[in-house]
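Inspection log for the structure reproduced underneath, given as structure tokens.
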Amino acid sequence: MFPGESRGPVQQSGLDPGFRRGTKRMETLSINKAFEGIQGVYRHASATTGTDMTFSVFVPAHEEGERLPVVWYLSGLTCTHANVTEKGEYRAACAKHRLIFVAPDTSPRGAGVPDDSNGAYDFGLGAGFYVDATQDPWAANYRMWSYVTEELPELVRTNFPANLARQSILGHSMGGHGALTIGLSLPDRYKAVSAFAPIAAPSQVPWGQKALGNYLGSDKQAWRKHDAVALIEDGARLPELLVDQGEADQFLEQELRPDLLRKACAEAGIPLTLNLRPGYDHSYYFISTFMADHLAWHAERLA
């Protein structure tokens with residue numbers, strides 16, 4: 001049933017009945033009905049980043065008291081929660097498979113949050129790289145690893161009908177890097193891990209070298225836990241991986257390097273389904289085309 005249609009407390013926001021709208025803990029920015037579920041956008045004061053953080057959650061229709069599996073989606077460079085929320089075309093599949101879909105921002109934002117001095121798109125605001133920075137001036141706010149793996153899950157568990165014993169993770173580009181590294185680092189937490197056009201080996205490509213060097217410092221050993229290929233080389237394992245990659249992606253050869261992920265998985269014995277899609281680029285036209293396939297794959301493993 002639709003949250004808010006009548007068995008028990010009204011849930012117009014898709015939140016648990018105990019949620020108090022407008023509290024300091026979390027503010028509802030928008031609510032829209034879609035595919036009989038609720039698409040919401042929310043903001044809260046994050047203790048992890050020291051800033052306000054905005055994220056979106058789609059909650060499919062469900063029975064009162066029911067807890068649903070959760071899919072986390074991590075976005076790429078320059079994005080906020082809004083890119084996938086508006087362009088990702090995930091709601092029909094999430095309604096079909098009864099999956100909660102959570103999309104956080106890609107970095108802290110706000111007055112006083114440091115940015116790249118030249119305003120570059122691949123570092124600073126919109127480019128948190130899903131790490132906890134250790135170098136000044138980034139360390140105070142750029143703590144996206146802890147935000148995505150600790151603070152936001154607790155907020156979602158507390159305020160939404162989420163069953164975090166059944167959760168999975170996927171992402172795109174920089175977010176694909178985040179999904180792979182988080183999944184490889186916390187294999188007992190996530191039942192499925194997949195990615196669209198991930199930055200597979202950031203230690204070996206310009207985007208990753210810039211971000212990891214600035215956020216984590218010059219010790220490349222510290223980078224390895226934020227590099228999917230290096231994690232696999234160092235012994236991290238998953239039951240399987242699903243990756244889709246457009247063959248017309250302008251970043252394929254220099255920044256993404258799925259060939260290195262394929263090699264690492266083969267040597268480690270990790271089953272990797274790597275779909276190379278002719279004619280597709282790096283955009284949300286590509287992601288939206290194959291989003292339903294990924295969510296069906298996640299749903300099978302979350303069942």
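Please read these numbers as outputs of a predicted model, since none were measured by experiment.
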According to salt bridge (charged side-chain N to carboxylate O under 4.0 Å, His left out), who are the partners of Arg301, at least two apart in sequence or on a separate chain? Glu240

Aromatic contact between His282 and Phe251, with the criterion being ring centroids under 6.0 Å apart: yes or no? yes

Yes or no on side-chain hydrogen bond (donor to acceptor under 3.5 Å, both in side chains) for Ser194 and His298, after CA distance, side-chain angles and deciding distance? CA-CA 8 Å; Ser194 73; His298 282 250; 2.8 Å; yes

Looking at Phe290, I'd like to know if the NZ or CZ of Arg277 sits under 6.0 Å from its six-membered ring centre while staying within 45 degrees of the ring's axis. yes

When you look at Arg189 and Gln167, which way does the side-chain hydrogen bond (donor to acceptor under 3.5 Å, both in side chains) test go after all the steps? CA-CA 7 Å; Arg189 181 182 300 186; Gln167 61 182 316; 5.7 Å; no

Is the ring centre of Trp138 less than 6.0 Å from the ring centre of Phe123? yes

Distance-only side-chain donor-acceptor flag, Gln135 / Tyr142, under 3.5 Å: no

Does any N or O in the side chain of Arg98 come within less than 3.5 Å of the main-chain N or O of His62, such that one atom is a donor and the other an acceptor? no

Quick check: Tyr73 with Phe101 (ring centres under 6.0 Å apart)? yes

Between Phe196 and His294, is the ring centre distance below 6.0 Å? yes

Donor-acceptor pair, His177 side chain versus Phe129 backbone, under 3.5 Å? yes

Over all heavy atoms of both residues, which pair between Val205 and Glu255 is shortest? Give the atoms and the distance, please. CG2-O, 3.4 Å

Contact summary for Val193 and Ala179, nearest pair of heavy atoms: CG1-O, 3.6 Å

We want to know whether Ser75 and Asn83 form a side-chain donor-acceptor pair, criterion being a heavy-atom distance below 3.5 angstrom. no

Apply ring pair (Phe, Tyr, Trp, His ring centres under 6.0 Å) to Tyr147 and list each qualifying residue two or more places apart in sequence or on a separate chain. His44

Checking Thr49 against Asn141: is there a side-chain donor and acceptor pair closer than 3.5 Å? no

If you take the centroid of each ring, where Trp contributes its six-membered ring, are Tyr215 and Tyr130 closer together than 6.0 Å? no

Got a salt bridge between Lys263 and Asp259, using NZ or NE/NH1/NH2 to carboxylate O under 4.0 Å? no

